[in-house]
Amino acid sequence: MSAGWIILTVHLYILAVCITVRSSPPEDPVTCASSGKSNGSTNCTITNSYGAFPDRSTCRAGEVVFPTSEEEIISAVAAATKAGRKMKVATRYSHSIPKLVCPDGDDGLLISTKYLNRVIKVDNGSRTMVVQGGVTLRQVIEEGAKAGLVLPYTPYWWGLTMGGLMATGAHGSSLWGRGSSIHDYAESITMVTPSSAQDGYAKVRVINSSHPDFNATKVSLGVLGVVTQVTLKLEAMFKRSVTYSVRNDSNLGEEAAAFGKKHEFADITWYPSQRKAVYRIDDRVPLNTSGNGLFNFIPFRSTLSVGLAVIRSAEEEQESNKDSQGKCNGGWLVTKTLLTAAFGLSNNGVLFTGYPVIGYQNRLQSSGTCLDSPQDNWVTACPWDPKVKGEFFHQTTFSVGLTVVAGFIRDVQKLVDLDPEALCVTDLYNGILMRYVKASPAYLGKEEDAMDFDITYYRSKDPKTPRLHEEVLEEIEQMAMFKYGALPHWGKNRNVAFVGAIGKYKRAADFLSVKDAYDPSGLFSSQWTDSVLGLRDGLTVASDGCALEGLCICSEDSHCAPSKGYFCRPGRVYTDARVCSTRSAGYSSIIQTQGNGEGMRSH
Ligand SMILES: Cc1cc2nc3c(=O)[nH]c(=O)nc-3n(C[C@H](O)[C@H](O)[C@H](O)COP(=O)(O)OP(=O)(O)OC[C@H]3O[C@@H](n4cnc5c(N)ncnc54)[C@H](O)[C@@H]3O)c2cc1C
Ligand SMILES: *[C@@H]1O[C@H](CO)[C@@H](O)[C@H](O)[C@H]1NC(C)=O
Ligand SMILES: *[C@@H]1O[C@H](CO)[C@@H](O)[C@H](O)[C@H]1NC(C)=O
Ligand SMILES: *[C@@H]1O[C@H](CO)[C@@H](O)[C@H](O)[C@H]1NC(C)=O
Ligand SMILES: *[C@@H]1O[C@H](CO)[C@@H](O)[C@H](O)[C@H]1NC(C)=O
Ligand SMILES: *[C@@H]1O[C@H](CO)[C@@H](O)[C@H](O)[C@H]1NC(C)=O
Ligand SMILES: *[C@@H]1O[C@H](CO)[C@@H](O)[C@H](O)[C@H]1NC(C)=O
Ligand SMILES: *[C@@H]1O[C@H](CO)[C@@H](O)[C@H](O)[C@H]1NC(C)=O
C-alpha cells in the first residue's frame, strides 16, 4: 500500500466518523418469505448483526412471532410445546456471533423480543428497575438516569438486550462491587418455560435471589425458556473521571492484574505490535465535581459507507499482497487518530479539550449512536452492517484468570518478538481490549476473577482464503483456551474456542439439571447449544480449509490452504497448538528452541 493510499484511507476514516448525517439503522435479523415481516410471518431466515455465523450457514425457521406481552409469550410457548416444535428467542439486533439463535431444522419458531421492550417500573426508593426481556441496555441507562439511578458497570455497546446479554454473560469492566457482569445485578428473573399438559403446556416461573435455581438461570444461553422480565439492582447516580494514559507494554504482564484493583472502571487497550498499551484510569469522583463529559465511542458511530468501503478495500489489498508493513502503517495511523480524538470522549458533549474527562455515569458507560436513525438510506451505517461494504471480522474473546494473566501476556509478547509485525492485524480494529470481570455465582458465569481479552481481526469474504498472519491469532486462541484454561465469551468467538469449555465450569452439571427440569424435551435447545453444553459432538468439523475459519484445529494440511502456501504447523511458543502457517516444516523446530528461551524481549 502506497503512502498516498494510507493517507487517503485515514482521511476518509476521519471524515467517515466526523460527518453526522442521518444513517440507516441495522435491519431486523429475521427475514420471512411471506409478506409483512412483523407480528407473525412464515418461512423465515435469521442471521446475526454481521450477517454471517461462524460456519456461514443460513438459519431457517418456520415462523416468527412478535409478542408484546407475557400473555402472548405464554400462548406461543404453549402452542409450540404442544406441537413439539423447536423454539428460540430472537432479539432486535441479534448481536451474538455463534449460532445461539438458530432453532434446528426448517420449522422452528422464533419468538422475537423486538416489541417486548418496555421499562415497567423504576423505583428510586429500593433502587431497582423492572424491565421486559427485549429492553436494550440503552433504555435501561436512559430510563434509570431519569430517576437518578444507574447500573455501575455495563457492556460498552447500547444495542444489547437484557435477555440476550444475560444469556451470554455480557459484561463491562470492573473488579469492584458485584463485578462487571450485568447478570450479577439481577434480583429476579421471570421466565416462560415449556410445561406439561396439566399446566397448559407453558409455565411462568419467577426466580428471585432466594429461589434455588437462581444461580442457574442468570446465564442461560437461551436454553431454559423465554426471559420475559428482569428486576435489576441499580445505584444512585455518580460521576467518574476518565483519563487515557499511553505507556509502553514492557511491564504489561506484571501490571495488568494490579491495575484493575487500583481503578474502579479500569480497562486496557493493547497494541502488541506497537508495543504500546493505553490504560484507562477511571474512578468515581464526588457528584459535585464539575464536568459534563460524554463518551460517544468513535467505532460505534454512524460511519460514511464510502469511507468504510475504502478502508475495507485497502485491507483486502493488503491481504492479497501480504503487505504486513502496510497493515502496520495503516494501523498505527488509526491508533494515532483515535488517541488524538480521545476515542470519542468529550469534556462537554461536543469538544475534547483534555484529560481528565469528568461526567455522569450514564453519559460515559456505554454508547452506540450508529443505532439511531428514523430514515432508511445507505449513506452511513454501523461499521459492521452487512448491507454496506464495511468491516467483516472474526472475534476471539476469552477471559484468563488474574492469577495466570501475566504469563499469558508474556507468551503473546514472545510471539511478537518472533514476528514483530504480525499483530498489526489487530490495530485496524483498535487493538486488543482488556477488561476486568469478577467471579460470578452464576453456574455459567466466570469461575474466577479474570481479565477478558477482546480480539477483532479481518475475516475474508471467501471462507477458503487464508488471512495474513493467521498463525499468530490461531496460536493465541489455542494458547488462551488450552494452556491458560480461559473461558470463552458465550456470545462471541469462533467454534474452536468452545472446545472443552463446558468442562471448565464446576457447576455445569447443576445447570443441566435445571435445563432438564425446565425444558425436558429440549425444545429451546439446538445442535449448537447441545454441543456447547457437552451433550453431543459437533463443535468442530474436519473438512478442507476448516481451520481458516476456526471450524476446526488443523491436524492435516488440507485443513489449511496448502495450495496457497498455508500448512498445518505447531505453534512457536505454545508448541501444542496447531496452526495454519506459511512457515516451512523444518523452520518451526528451530524457532521453537529459540522461542522457548527467556530474554527474547530486548527492550
Ligand atoms: C458492537 C458490539 C459491542 C459489544 N460489546 C460487548 C461488551 O461490551 N461486552 C460484552 O460482554 N459483550 C459485548 N458484545 C457481545 C454481546 O454481549 C453478545 O453478543 C450479546 O450478549 C448479545 O445480545 P443480544 O441482545 O443481541 O442477544 P442475541 O445475540 O440475539 O441472543 C443471544 C442469546 O440469548 C437468547 N436470548 C435473547 N433474549 C432472550 C430472552 N428474552 N429470553 C431467553 N433467551 C434470550 C437468544 O436466543 C440467544 O440464544 C458486543 C456485541 C456487539 C455487536
Ligand atoms: C406489530 O405489533 C406492534 C405492537 O403491537 C406494533 O407496534 C407494530 O406496528 C406491529 N407491526 C405490524 C407490521 O403490524
Ligand atoms: C420458503 O421460501 C423460499 C424462498 O426464500 C422458497 O423457495 C420456498 O418454497 C418457501 N417454502 C415454503 C414452504 O413456502
Ligand atoms: C426519586 O423519585 C422522586 C419522585 O419521582 C423524585 O422526586 C426524586 O428526585 C428522585 N430521586 C432522584 C435521585 O432522582
Ligand atoms: C422470593 O420469592 C418468594 C416467593 O414469592 C418470597 O417468599 C421471598 O421472600 C422472595 N425473596 C426475595 C429475596 O425477594
Ligand atoms: C447463589 O450463589 C451465591 C454465591 O455463591 C450463594 O450465596 C447463594 O446461596 C446461591 N443461591 C442459591 C439459591 O443457591
Ligand atoms: C463537594 O461537596 C463537599 C461536601 O459534600 C464539599 O466538601 C466540597 O467542597 C464540594 N466540592 C466542590 C467542588 O464543590
Ligand atoms: C517502558 O516504560 C518504563 C517506565 O514506565 C521504562 O522504565 C522502560 O524503559 C520503557 N521501555 C521502553 C522500551 O521504552
Side-chain angles (χ1 to χ4, degrees), residues 50 52-58 97-99 316 319-320 322 324 392-398 411-412 415 418-419 422-423 425-426 455-484 486 488 492-503 527-528 530-532 534 536-592 595:
Y50 313 99
F53 291 113
D55 62 3
R56 305 199 189 213
S57 64
T58 301
I97 294 173
K99 287 169 69 174
E316 282 167 350
E319 284 282 330
S320 64
K322 299 197 171 20
S324 288
F392 188 58
F393 47 70
H394 287 297
Q395 266 183 340
T396 295
T397 305
F398 49 80
D411 275 356
V412 174
L415 285 167
L418 290 167
D419 198 348
L423 284 174
V425 300
T426 64
I455 314 177
T456 306
Y457 47 99
Y458 180 86
R459 183 178 188 188
S460 172
K461 287 281 174 184
D462 171 9
K464 292 283 157 63
T465 300
R467 270 174 294 115
L468 189 55
H469 297 302
E470 73 168 79
E471 72 288 347
V472 173
L473 283 162
E474 283 171 8
E475 185 165 347
I476 290 172
E477 186 178 45
Q478 292 173 43
M479 188 158 75
M481 305 322 296
F482 308 126
K483 177 173 176 188
Y484 289 95
K492 303 189 184 184
N493 282 299
R494 315 189 316 158
N495 291 8
V496 296
F498 297 100
V499 172
I502 195 66
Q527 294 190 14
W528 172 252
D530 281 352
S531 302
V532 168
R536 57 176 289 150
D537 294 336
L539 285 174
T540 58
V541 294
S543 59
D544 285 359
C546 56
L548 304 175
E549 292 244 294
L551 300 177
C552 69
I553 294 166
C554 69
S555 53
E556 43 188 82
D557 291 340
S558 66
H559 297 158
C560 297
S563 66
K564 295 180 173 120
Y566 283 74
F567 302 95
C568 188
R569 301 276 186 251
R572 299 164 95 182
V573 170
Y574 174 48
T575 50
D576 287 346
R578 290 294 175 273
V579 301
C580 295
S581 169
T582 52
R583 273 178 289 133
S584 62
Y587 186 59
S588 65
S589 56
I590 300 167
I591 294 295
Q592 270 165 34

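Heavy atoms only: backbone and side chains are in, while hydrogens, waters and symmetry mates are out. All of these numbers come straight from a predicted model, not from anything done at the bench.
- Residues Val532 and Leu539 have side chains in contact (heavy-atom distance under 4.5 Å, counting atoms from C-beta outward).
- Minimum heavy-atom separation, Met479 to Tyr574: CA-CD2, 3.6 Å.
- Side-chain contact between Met481 and Val499 is absent, with no heavy-atom pair separated by less than 4.5 Å.
- Taking all atoms of both residues into account, the shortest heavy-atom contact from Glu471 to Asp419 is OE2-OD2, 3.9 Å.
- Between Ile97 and Tyr50, some side-chain heavy-atom pair lies under the 4.5 Å cut-off.
- Checked against the 2.5 Å cut-off, the SG-SG distance between Cys560 and Cys580 falls under it.
- The backbone N or O of Val573 sits less than 3.5 Å from a side-chain atom of Glu475, completing a donor-acceptor pair.
- Applying the 6.0 Å contact sphere to CG of Asp462 captures more than 12 heavy atoms from other residues, nucleotides or ligands.
- The two atoms that bring Pro463 and Lys461 nearest to each other are CD-O, 3.5 Å, heavy atoms only.
- Distance check: Gln395 CD to Thr456 OG1 gives 4.0 Å after rounding to the nearest 0.5 Å.
- Put simply, the side chain of Leu423 reaches to within 4.5 Å of the side chain of Ile476, judged on heavy atoms.
- Among pairs with a residue in residues 556-567, none fulfils salt bridge (Lys or Arg N to Asp or Glu O under 4.0 Å), at least two apart in sequence or across chains.
- For Val496, the side chain to side chain contact (heavy atoms under 4.5 Å, CB included) partners two or more places apart in sequence, or in a different chain, are Glu477, Thr540, Ile553.
- Taking CD of Glu470 as the start and CZ of Arg459 as the end, the distance is 12.5 Å to the nearest 0.5 Å.
- Between Ser57 and Lys99, the shortest heavy-atom distance links the atoms OG-NZ, 3.0 Å.
- Within the structure, ring pair (Phe, Tyr, Trp, His ring centres under 6.0 Å) contacts touching residues 546-569 (residues at least two apart or in different chains) do not occur.
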(message) Working note: Lys483 + Asp576, criterion salt bridge (charged side-chain N to carboxylate O under 4.0 Å, His left out); need CA distance, chi angles, decisive distance, verdict.
(response) CA-CA 9 Å; Lys483 177 173 176 188; Asp576 287 346; over 6 Å; no

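- Side-chain contact check for Glu319 versus Thr465: every heavy-atom pair is 4.5 Å or farther apart.
- Heavy atoms only, all atoms of each residue included: Cys546 and Ala542 are closest at SG-CA, 4.1 Å.
- Residue Val541 comes nearest to Cys552 through the heavy atom pair O-CB, 3.0 Å, listed as atom of the first residue, atom of the second, then distance.
- In this structure, Ile455 CD1 and Lys492 NZ are separated by 11.0 Å, a value rounded to the nearest 0.5 Å.
- Asn493 places a side-chain N or O within 3.5 Å of a backbone atom of Thr397 that can act as its donor or acceptor partner.
- For the side chain to side chain donor-acceptor pair (under 3.5 Å) criterion with Glu549, the lone passing option out of Arg467, Arg56, Lys464 is Arg56.
- Between the Arg494 side chain and the His394 main chain, no donor and acceptor come within less than 3.5 Å of each other.
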